Structure formats: structure tokens, C-alpha cells
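I have placed the structure first, in the form of C-alpha cells, so that the comments after it can refer back to it.
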Amino acid sequence: MMAPVSVISASGVSMVFGNNRALDSLSLEVPSGVTGLVGANGSGKTTLMSIVLGLRAPTTGSVSVLGLDPLRQGAELRANVGYGPERNVFPDDMPASDFVKHLAEVRGMPRSEARTRASDALWLVGLGEERFRALGTMSTGQRQRVKLAQAIAADPSLVLLDEPTDGLDPVQRDEMLILIRQISTDYSIDVMLSSHLLEEVERICDNVVALDAGRLVAQGRLDELVGDVEGVTVELAEIPDVPGSIDAVAARLRAAGLDVQHDPGFTRMDVLGASADDIADAVRDAIADSGARTRRIEQRRRKLEDLFHAAKS
Amino acid sequence: MTAEGNAQILDRGYRKFDGQRSGVWGAVRSTAWHSTRSVLGLGRKARHKIAPVLVIVVALIPAIVYVGVAALVGGDEFINDILEGVIPDFSALPRGSLAAIALFTGLVAPEALVRDRRDGMLSLYLSTPLTRITYMAAKLLSVGGLMAMVVLVPTLFYLFGMTFAGLGPEGFGDWASVLVKILVSGTLASLVYALVSMAAASVTDRRAFASLSVILVMLGVLTVVQILVEGAELSINWRLLDPVNMPMEMIARIFGDAGEYPALATERIYLANAGWVTASSTMLWWRYRKAGA
Amino acid sequence: MNGSVSSTRVIAITYRVLIRQLVSRGRLVALSLIGGVVALVGWAVGRAAHNEPWLTPEDVEQIRLNDAVTAVTNLGFTILVPIVALVFAAASLGDTREDGTLVYLWLRPMRRWAIVVGAWLAAITVSLPLTVIPMVASAYLLDAGTDLIIGTAIASVVGVIAYSALFVLLGLLVKNSIVWGLGYIVIWEGVVAAFGSAAAKVAMRGYTSSIVSERTGVEIDIGTLAQTTAIMVPIIVAGFALWLAAARLNNLEVA
Amino acid sequence: MVSVTNVTKAFGDVVAVSDVSFTVGPGITALLGPNGAGKSTLFRMLCGLASPTRGEVRVLGRNARTDTEVRGRIGLAPQQDALFDRLSAVEFVTIAAEMHGMAEPRAAALGVLDIVQLSADDPKPVGSFSKGMRQRVKLATALVNDPDVLILDEPLTGLDPVQRRRMIQLFNELGAAGKCLLVSSHVLDEVARLGSKVLVIAQGRLAAAGDYHALRDLMDDRPHRIRVNVEDPRRFAAALIERGLVDGVSLGNDLEIDTSNVDAFGRGVAPVAKELGIRLSGVAPIDDDLESVFRYLVERR
């Protein structure tokens, strides 16, 4: 079988609930790799995922996933798709190993195979030692890992993860993102993960699909979407004997005709302008002249956030 | 030989799967088995096992008592004759477990259905090859099988026990015919109990209310019908609405016996059971047509 | 706004909030349906003719009354009254505790006993019409005299008051209060009480049945208590249950 | 205004909070820590919702578990999302105001709803609200009695960036007005914006306490490695060494410097570049963002 060019392709997909347009004529081509589905809460991410899984029929439009029609070939498709839902409630008193094994079986693994695969998947997500613990006694971080393990246990071609980092603290979030990236790279499993945090999508995704209130804001390769350098992020510190120096830096840069995003009293600012070189020089001079202490100067990539701002205004 | 030549990475655990996937039947089987385990509390803490095990034991008591008595005092032809006059027919034995059966319906169906709705398993199942129909088939398999443990298993035990005590059906032909009747009637009755209790449990997402609903449908309707027929002196046909007794009557009629309510025509009893099955299936379909998405 | 809020206001506010939480269309429809069935059964039993030639009019009168009392106690006081009270009373504070909204009642300058009383009144307010109306309708349709109607009305009110207090407490004591309550109703009230008049004294059904029995003069084997006792004991029990509930609320670890 | 003395809380064998002591005065204090570190348990004990296994908790000098009146001076936004589902937002907040015995509950409710930008005319029950809207209902409820002590458990989760910014501004105003705010979070960027005081709790213990900037400066005392992007790395490196701003340099693709005095380096780097006329396009401390501070505190044990 030839691998389909797009993992997910959708054309003109709309979803209407009553008089609420959850998705508005969406057309997508999602290639292989890790794809981030970003948008605020209620922007239609979960609805899109349920359409991709064939759990809901779109009001209009058509979808093809792994070359299959989710509505007509749903069972066949879902045998090859792993899904980690957003909800964090699972059978409390079930050991993680039983839970993962059971879902592997339901997704088509023969019984003997399911047990070893469940154990392998739990080791892979770092819960090997904990695999016999009841789900109810696990922390949020561990539960998120169990969700990931059950999604990959039946060797899927595509994994859909709904908010896999929700409720995690920074350390746990990093670990989870690295894990997802690693699974996709090492086992060539395509992943689509949804998130309302733009930073994490920027960190691990190859492709991005950005939604806002059911409409497509942007889609494509991440590096193409956010690649443009147009400024720097500066983080400063105030020296006790030169009060107000940070605000002074901002003022000087503004006076030099640059676009400065800075809230008074904060130590961080974004400086935007036409030429990177001009910005660098202006920043250097402004800091040197106002006597602030430099903590950090970094090239500011165009952020996904800007895509949203651009789309909204 | 180079250093690399000696080294091999053999197994990194997680790997690709090249075998044959087990398809929808595998999914149904696994889900049914998993649901059964969860109802019986297998793999869960001991306190989850208490209630179901207790009810199953209570359901077995009549069969155990009769078989025990037969085994202890039986053997002698004279005593066996007396015993045969006292011990119940195969078609009447399950009636002795009626209270346990009614209680079990309030326990099994809510546990099998409502937990999945509450803890997100239903939507997870629907993301697998299972659909709402196949999911429900798996649950029916599980709940029906569990009901068979209180409806059918005691009678089977009774048959083998009595045969052992020399009080079973005479001749292999008769014996096999009784066995087939027990299996067929018990399976059908279990399925009716399963569907009715599943339909009653499906009205709510809270387990407690689901138990309440099942108990009300089972015992409430039974009490109402009882008062209507005896107090209000209405037609005996009102008994056809009784979801506890009708499957029992069906068992009796399959054996060709008169049952508890001989005044009711056999075809009406079959119709009453078919009616409960249809109504319950419709209810389930309606309650689950959008659930879990 | 300094200091604590007056207890009458606390009762009123708690009452208002919990009434809103308790009244859902599903519950009202389901329980009204059961009430409707009870009334219908009353009607069906009440119109039974008893025109067998060997019965004297007095016999018919007595049979009617006996049948009616059986219907009312079996359907009303073993099923309808305790179950309606259970659904609302156990949910009143029990649900807030399970879903985590109790904190919005608990962390306020409000006395705990007043919260409990407010919850109890809310549960009673919803339960009373859902039980007393069908029960009285049933008694009326049973057509067995005014004594039955009055007895049924008093017993229903007493039953709701006492069961509600017990189940408000139950909701604060255990996690799965509806299941425990159901077990209590079916096993304790249903089975234990059936062992006779002595055992019936430890079940609420013994008291509600006694009220009806005393009024109508029909003997019921579990209802042998004098009218005053049958009314006062449940009310004292209710008071004690509420007091325990307030103490429990005070010592609870709130999520 | 809030004091916690040697407090331990155990659930069976699990110790959620272990021998924690601190006092908090007016202004904002951020309670920082990973999931499961014991933040919510600590907050519950402060509000009297749970009692400590050992130790003593006082709010405004009193014990909220037994003292009815002090409960009227606390505002809590709990972590769980549950609200009285059938009420509308304005009803929910008005009832909270009534429960505090306020004279004009509806006016108070309208006031705080305006602050959190929820419409008072919205008849929809809060049960149908999104996470962000529920979060704002909780905040409004916590604010409605104009409490002296505000305890906010993860108040910014579920809010969009614009709302977050507004809330942070609101918290700063309340802190400036002399209220005591305890705000928990595990999102470090938020905590940075909340400003000064920080309590870091990890594995049930108080891992660090004090002024946020002071904590950062404490971090600054460690030897640092900083990557510097400049036009002419060789000349720039020489100048830095000459002025004693760095302890060592390594020239790979980028210039990386080692320093044990981040302060001096930070003061000097821009002026030196300007003086030499070298274009400076990046200064990136390796392992010194907020998250590393957090990691350092949380993971060292």
C-alpha cells in the first residue's frame, strides 16, 4: 500500500451545533510528523479530533485520514489510530497495566501480544516500575503518561492527543513533550496533539494547525510559519543605584523609532523593527546609556501568538 | 573484526506489530470480559467483591440445599420417591432465587454501564474499533452472562447434583432434553433481565440513581401489579407487565410446565418478554444515540 | 459585614441555594411519575366492585378499607415516601460534598446547624408535594373513608420529615449515600421491619404504619403504636439526626 | 496576617505537608511548586477546611476552622471547578455576598463581576460555563466580601493571555491596597509577573522563601555560563578578559563565557560592546531562566 501523502486531509469541513459554528469551512492537509493543533479553549480542537476519529459527522465537507473515510471506514481506521482524550478520569481502581492491556486488545492486539505490548508501552513512557499501581493512586503527571501509553500500545500509525500536557507543571510538561517527540521520531508514528499553550507547540512540532473560534488561522510547517526574525527579547535587571533604568531603556528604544512591547515595572521587553542589525545596535546603546544590567538578549522569533493577533485584528 | 561487529541492539522493548489484528470480535470479547471482571470486582479491592459474590451465593442456596438433602438422605428408593414429591421441578427452581435475581439486576447493569459513562471509558471505547452498537453488544454479553450466573447456573448445578443423587431425569434422551431446555430457557431469561435492567440503568449518569431506577422498575412494577391484580381485582393479564415474573414464567413454559400463573396463555407470556426486549432495546438505543461523543 | 450572619438568614440562603440545586426536571418528572402510579393504583383498587352475593355491605366496607390500607402502606410507605425523601435529602448536602461545592457553604461566617436546617427544609419542601399529593390522592381514590385520607396525610408528612433528616445525615456520613440509603430502605425497612411489631419499632415504617392503623382501626402487624408515640418518636429522631449532622459538618474535612 | 507554624498534614501514611512554617503579611505572595507538592492542602488548612495533623495555622490571628467570624474575612478561590451549576453567574455571586451578610449583596456582586469582566445579564447557568468563565466566577466570589486575606488556588489556569494580564494587574492593585494575597501557581511566567514574595514548596516541604528577585540573585551567585553572540567574538572576548568581567572564555561556533560575577558581567557587557563598536545580538545565560531556578529548587532534594 502506498503511504498517503497527507495523514489527515480535510476540505470544507464545517460543524454546526444549533446556531453555534464550532468549525467553519476548514480545509487542511496535515503531513507526517508531529502536528500541533493550537487554539484557545473552545476554538474547535476537540470537535476536529472527534471528526478525524469518525465519532461525529461534519455538517458539511469531507475528511480523509490515513487514506480512509472516518465515517464509512471508522472501525478500520480506529484500529490504526491511538487516542488520548482530554478527560483525566479513568477507572480509579484499575492497575495501569490492565487498563493499557485492555485498550490494546480492544484496538486489535491478540491477547498474548496485548500483555507484552502494554508492559513495553508503560516502560517506554517511564512507568515501568509503577505499572501495577491503580490509576486512582497516580499523580496527574503519571496519568497523562498512562494516557499516552494506551494510545501507542496497539502500534498505531497515527496518535491523537487532546491536551496531553494539561495540568502538568513545567518539569512534567517538558518530560511529556520530549517523550511525545521521541515516540514519533523513533517509531515513525504520526502525532497530532492539541494544546492551548503556544510555547509547547513551538517547542516540539513539525507542523501547526492553528484554530480560532472554529476558523483556520494558519497551517503549515512550523519553521515556515514562525521563521521570520524581526526583533529581540531583552531581559534586564535594575541596579539599585540607577533606579528606573529599565523604563529608560524602553523609552530610548521607542525614541529610536522601534516598536517596544513593555509593561512598566516588568523586566522583560520585546523590541520589534525592520532590520535585525539596527535593532541590535539600538538595544546595545540603550542599555549602555541607561545603566541597566543585561540578563538576556535573544533573537525573538515570530511567535505563533502573532499569528493569532494578526488573524484577530 | 571491528568492535561494532560484536555488538547488537537486540530489543528495545516497544516495537512494531506485524501480526493479524483481531478485529471487532476481539474488541467485543475483551470489553465484555473486562466489564464482567469489573462487576465481579476481580482485580479490584476485596470490598468490591463482597456484594456480587454474596448475591451469587444466595442465588445458589436453594439448589445447594436441595442437592445437599438429596445427597444426604437419598439413595433408598422409598425415600427417593418421597423426595421426588417434595423437590421442585427444574423449571421452578430459579423462582427460589427470585429475590437474589432482582437484587443482582440492581447491582450488575448500573456497574456495567454507568461507570463507563462517568469515568470516560465510553468515549475512549468509541475511539477504538468499537461502535455504539458493538459496544452495547459487548455489554449485553457481559450483563447477560452475569445474570446467567444467578438464573441459569443454579439450575445446572441442580441438574448435575440430582443426577448424581440418582434423582435426575431418566434415560440419556430425557436428560439431554432437560439440559437443552435449561440452557435455552436460562439464556433467554438472563438476556431479558439483562436488557431490562440495562435500559433502566441507562436513564442516568449516576450509579446510585441507576440502581434506584433498576430497583424501581423491577420491584416497583412487581408491587404495583401485585396490588392491581389482588387488591383492585383487575384482570390477570396485568401480570404480563411484571418484568420479574415474566422471564420466570417463560422458563416454565419452555419446559412445558404451568408455572405460577397458569391462567396466562403461553403465547402471551412469550409476547410479554418480547415486548420488554423491544422496549428496552429502543430505550438503550435512544439513550446512547449521542452518548460519549 | 463583621461578625457572623444571623441564623435565620443562613437558613433562608442555604434553603434557596439548595432548592435550586435539587430541583431538576429529570428528578421531578421521574418522581412525579412514580407518584402518579401510586395515585392510579389507589384509583384502581378503589373502584374494585366486590359484588360477590355472599358479602354484606359491612363486609364490603371492611374489605375496601383493608385493601386500601394494604395498598397505601405497601406502595406508599415502603417505596414512595422513603425513596423520594432519599433522593432529595441525601443529595442536599451530600452532593455538595461530593462535587466540591460544599466549600461555598462552609467557608462563610455561617453557623453550621443553620446550614443543616436549611438543607433539611429544602429537601422537605421538594419532597412533600411529591409524596403527600399522590398519597392523599391515592387515599381519596381508594374511597375508604376520611380516616384513611387524614391518616395517610399525617403519616406521609411525618415520614418525609423523619426520613429527610436521617438522609441529610447519611449524605454527610458516607460517600455513596443513595446506595446505602437504598440498602437501608430495602433491607432494613423492608425485611427487618417485617419480623413483627418489636422489630418494627426500630424502623420508620413501623411508625408511619401505626399512624394509619390507629386512624383507620385496621390492624397491621408492624403498626401497633399509639398515635402520639407514632408521631412524636419520628420527630425526636429527626431532631437528633439533624443535631448529629451539624456536628458532622463541623468536623468534616472539606475538599 | 497569615501564620503557619510547624504544620504537618498526613493522610494515612502519606505526608502531604511536612513541618512547614512561614508568615505572610500584606501584598502578594506566590506559592510555587510542582503538582502534588502540597499547595492545595496548605490552602485548605489556612481556610480551616482541613485541620493540620500537627502545628498551628492562624489567619488574622484566629483559627478559621473554629472561628465563625474570621471566615467572613477570607476570600478563597478553590482549585476545583465545581459551582452551584444551576445558578447564573450573578445569582451565584450575589448569594455568596448574602452569605457574608453584606448589606447590598446584588450591588457587591455586580461590582466584582464587572472587575472580572463577566456579564451580569447573562442568564445562562454557570454549569454551562467554560473553564475560563468558571475561573472568573470563582475569582468574583472570592472578592465579593472585600476580604482581608485572599487565597487563590491556581487562579490563572484556563484564562486567555489577555485575561491573565488583567487579573495579574488586579492582584497587584489589591496587594498594593494592603490586602494579603496568597496565589498558587505552577506557571512560572505568571509568578514572575506577580512579583515579589515567593514561597516554593516541594514534596510537602518549604524549599525556599523570600523576595523573588532576591531568590534570583541568590541564583546569580552561582558560577554561570553565558552564550554571547557578537560580530567579532575574538576581539570582544579579549576585551572582556582584559576588564576582568569573565573568568574564562571558549570560542566555538559562538562565544561562551564563564563568570562567577553575573552582576558585573551584566553591567559591563553592553557598554563594552558599544565602546568597541561591536554589534551585540545575543546574551543567553545557559540554564538561568526562571524554569531553571525552579528546577534547581525543586530537584535538588
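So you know, we letter chains A, B, ... as the sequences are listed, proteins then strands, and number each from 1. As the structure is a prediction and not an experimental result, all values here were calculated from the model.
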* Return yes when atom CZ of B:R289 has more than 12 non-hydrogen atoms of other residues, nucleotides or ligands closer than 6.0 Å, and no otherwise. => yes
* Most heavy-atom pairs under 4.5 angstrom with chain C, which of B:I227, B:I215, B:T204, B:V203? -> B:I227
* Tell me, for C:I34 versus chain B, whether the close heavy atoms (under 4.5 Å) come from the side chain, the backbone, both or neither. => side chain
* Tell me, for C:V179 versus chain B, whether the close heavy atoms (under 4.5 Å) come from the side chain, the backbone, both or neither. => both
* How close do C:I178 and B:A208 get, heavy atom to heavy atom, and via which atoms? -> CB-CB, 3.2 Å
* To do: Answer whether the closest heavy-atom distance between the side chains of C:L75 and B:V224 falls below 4.5 Å.
  => yes
* Most heavy-atom pairs under 4.5 angstrom with chain C, which of B:T223, B:L212, B:L228, B:L103? -> B:L212
* To do: Side chain from CB out, backbone as N, CA, C, O: work out which of these in C:L40 comes under 4.5 Å of a heavy atom of chain B, or both, or neither.
  => neither
* Which atoms of C:R64 come close to chain B, meaning under 4.5 Å heavy atom to heavy atom: side chain ones, backbone ones, both, or neither? -> neither
* Might you confirm whether atom OH of C:Y140 has over 12 heavy atoms from other residues, nucleotides or ligands at distances under 6.0 Å? => no
* Structure fact -> Between B:L234 and C:A44 the two heavy atoms that sit nearest each other are CD1-CB, 4.2 Å
* Determine whether C:I79 and B:L216 make a side-chain contact, defined as any pair of heavy atoms from C-beta on separated by less than 4.5 Å. => yes
